[in-house]
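Some notes on the structure that comes next.
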Amino acid sequence: MAGTGCRRRPERRHQRHVIALTSNYPECARSALVTIAPERSRSPLFMRAYIEELIGQALGYLKREGELSLEEPVQVHIERTRDRAHGDYACNVAMVLARKLGRKPRELAELISAKLPASKRIDKVEIAGPGFLNFFASPHYLRMVVRDILALGDQYGCAPEGSRGEVLVEYVSANPTGPLHVGHGRGAAYGASLSALLAAAGHRVSREYYVNDHGRQMDILAVSVWLRYLELAGERVRFPANAYRGEYIYDIAREVRERHGDKLRHAESAVVDGLPEDGDGQAAELHIDALIARARQLLGEDGYEACFGAALDAMVADIRDDLGQFGVQFDRWFSERSLESSGALARAIERLDREGWLYLKDGATWFKASELGDDKDRVVVRENGRTTYFASDVAYLLDKLERCPGTSLYIFGADHHGYVPRLKAAARGLGEDPERLDFQLVQFAVLFRGGRKVQMSTRSGSFVTLRELREEVGNDAARYFYVMRSHEQHLDFDLDLAKSSANDNPVYYIQYAHARIASVFRQLESRGLRHNQAIGEAASDRLDGEHEQALLRTLGRYPEVIEGAAERRAPHVLAHYLHELAAEFHAWYNHSQFLVEDDDVRNARLNLVAATGQVLRNGLGLIGVSAPEDM
RNA sequence: GCCCCGGUAGCUCAGCAGGACAGAGCAGCCGCCUCCUAAGCGGCAGGUCGCAGGUUCGAAUCCUGCCCGGGGCGCCA
């Protein structure tokens with residue numbers, strides 16, 4: 001039954017036409033007849049943009065000669081071929097036009113390819129398959145790649161800063177009520193990598209962490225600290241079910257005690273007398289809320305703020321420290337409370353009102369979100385006069401849109417997907433363009449150890465913190481593992497694999513390639529030789545081996561990878577690319593000696609080795625993984 | 001009930017702005033260190049792309065329905 005050969009499909013072979021590129025039409029200005037995507041980089045390093053240009057010129061010529069009647073631009077794909085036999089790039093322009101013009105695709109392909117300007121970067125163009133134009137990069141172009149990489153260094157692959165729009169990226173934004181856990185870690189790694197990628201692709205990027213320092217959870221945290229403080233002071237107060245039990249609460253309480261002594265101490269009876277009983281569910285909620293009210297009453301404004309402020313400062317400092325060690329930085333930590341004091345909150349509500357999107361019902365103020373694409377209307381001011389969390393969101397959104405003229409990018413955990421229609425509705429309600437908002441939802445990460453799911457529960461306090469994870473597997477492995485899968489995909493994080501220093505760990509595989517490169521240059525020196533780039537460049541035609549050619553092509557692809565990964569908000573694309581690049585280097589390393597006698601060959605190879613090292617460093621840097629010199 | 005994400009090789013996943021024979025890593029089997037780190041390399045084997053329709057010259061990729069798994073739907077934060 002399990003036949004082997006019979007399942008194979010018959011080979012489909014298409015006749016190929018080879019068109020020599022001899023004609024040149026210098027007078028053809030760039031035409032707007034071909035569009036791929038807006039804002040394509042014009043850098044000479046971008047082969048696709050270059051090919052687009054060539055095709056545009058050919059079409060422009062054909063149009064002026066009356067051979068084609070083109071009215072509107074055609075949307076075409078210029079893509080990397082999967083099969084080397086198909087050249088380096090393929091374009092489907094003829095097939096797309098065929099549909100529009102009702103002509104045969106191969107016929108059109110002939111027409112177009114005959115008018116393609118000659119180019120030093122393109123060796124030949126073939127017509128193949130149903131009508132693809134296959135472009136073969138010239139050896140000259142491939143060699144140019146090494147020179148460019150060595151000349152540009154850490155700038156290779158980067159578009160000029162500001163060549164694209166501004167992006168304000170908000171990520172992590174975990175409530176400062178406890179340490180970050182592994183779920184936040186994924187958002188942090190994704191956000192940091194994506195931000196770096198966007199910056200490399202030419203966007204001006206600012207990174208923000210929205211600190212939820214306003215709500216009930218913060219009050220619970222403050223009270224938790226106070227209760228631990230009382231405990232340390234010798235009061236025997238029962239700790240409520242819903243309060244924060246983590247060890248870190250004691251640390252903060254100790255700090256408060258050091259600073260304020262017994263000033264905040266009250267007798268146990270004064271604290272709990274007359275409060276509703278603690279218990280499960282509803283009872284626990286009522287109890288803790290009453291306790292918060294009691295704390296405010298006994299401590300007064302200043303005393304309460306002492307606990308609250310200490311808790312907030314400690315938590316934010318801890319989170320900042322944790323993320324900093326993880327290589328995750330922010331340009332701004334935006335306080336939710338500041339929205340009220342700055343008047344941003346009131347202004348946002350006024351704006352919604354002015355635009356006519358607010359109404360009163362049951363004593364509360366509602367936003368007509370349902371008329372703007374959300375499933376239901378949302379309360380902005382509660383019956384008790386307090387604004388809702390959503391109101392803060394609207395105010396922060398308005399603030400962001402006013403500060404950043406480009407895109408506001410939200411990175412949410414997948415459980416926040418309900419916020420998307422609500423915030424878009426808010427943007428519309430404010431009279432702003434919802435297209436300026438970009439939402440990326442990061443799916444959950446599940447830890448596996450010994451092939452078993454690591455159980456996590458916040459209540460029992462048995463969750464794994466980001467810090468613990470980092471200490472267990474290391475920052476490099478954690479950063480890489482977090483972004484190696486698409487963020488839209490649930491992530492199975494294999495702790496054993498991440499820790500493994502065996503041949504199966506993709507992080508070490510890539511880092512090892514870099515370490516080997518460094519080692520090659522150490523060897524060179526120990527043999528009393530020096531790398532001469534100029535000699536290598538002059539002899540770059542000696543890089544004609546199969547492995548060398550493959551490596552050159554892959555290195556040349558890097559700028560496109562950056563561009564595409566940024567556009568698709570997909571750092572995992574870069575992670576995969578780096579793995580592939582490392583694989584090609586390892587294969588070459590095993591196949592050939594680099595430190596050969598021949599000065600020309602040796603230096604040419606060393607140029608390629610150095611260029612590979614540079615690209616590995618650049619790419620690893622963007623995803624926050626170190627590039628070690630030795631392992 | 002409504003909404004979001006996913007279902008591709010034994011496992012974990014790429015590929016999905018439609019395209020040329022479906023890819024990688026791990027696990028399995030067979031090989032490679034007098035030579036720049038074997039944390040490496042070469043080879044073999046492994047797939048009804050969840051199921052059924054539809055759109056198209058062409059569908060893993062787009063549309064519809066269904067099945068399975070994960071998550072979300074508060075005048076909480």
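Quick note on labels: first sequence line is chain A, next is B, and so on, each numbered from 1.
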Do Q440(A) and H487(A) have side-chain N/O donor and acceptor atoms under 3.5 Å apart?
yes
Students often mix this up, so state it plainly: with edges at 30° and 60°, are the rings of F594(A) and F585(A) parallel, tilted or perpendicular?
tilted
Output yes when a side-chain donor or acceptor of R106(A) lies under 3.5 Å from a complementary backbone atom of G129(A), and no otherwise.
yes
When you measure from the side chain of Y209(A) to the backbone N and O of A174(A), does any donor-acceptor pair fall under 3.5 Å?
yes
Please state whether the phosphate of C76(B), meaning OP1 or OP2, lies under 4.0 angstrom from any side-chain nitrogen or oxygen of R382(A).
yes
Stacked pair H576(A)-A24(B), distance under 5.5 Å, angle under 30°:
no
Rounded to whole angstrom, note down the C1' distance from C63(B) over to U55(B).
7 Å
Report yes if a side-chain nitrogen or oxygen of Q489(A) is closer than 4.0 Å to either non-bridging phosphate oxygen (OP1 or OP2) of A14(B); otherwise report no.
yes
Hey, does the side chain of Y509(A) come within less than 4.0 Å of C41(B)'s phosphate (OP1/OP2), counting only N and O?
yes
Who does C41(B) pair with, Watson-Crick or G-U, both distances under 3.5 Å?
G31(B)
Just by distance, do the side chain of R485(A) and the backbone of L491(A) share a donor-acceptor pair under 3.5 Å?
no
Indicate whether OP1 or OP2 belonging to C5(B) is found under 4.0 Å from a side-chain N or O atom of R485(A).
no
Would you say the side chains of E336(A) and Y389(A) form a donor-acceptor pair under 3.5 Å?
no
Would you tell me whether S173(A) and E170(A) have side-chain atoms, one donor and one acceptor, within less than 3.5 Å of each other?
yes
Distance between C1' atoms of A45(B) and G10(B) (Å, rounded)
12 Å
Could I get a table of every N or O pair under 3.5 Å where one atom is in the protein and the other is in nucleotides 69-73 of chain B?
{"from": "G71(B)", "atom 1": "N2", "to": "H417(A)", "atom 2": "NE2", "distance (Å)": "3.4"}

Report which part of the nucleic acid A515(A) touches: base, sugar-phosphate, or nothing (heavy-atom distance under 4.0 Å, all strands).
base
May I ask you to list the residues of residues 579-590 of chain A, by number, that have any heavy atom positioned under 4.0 Å from an atom of RNA chain B?
H579(A), H586(A), A587(A), Y589(A), N590(A)
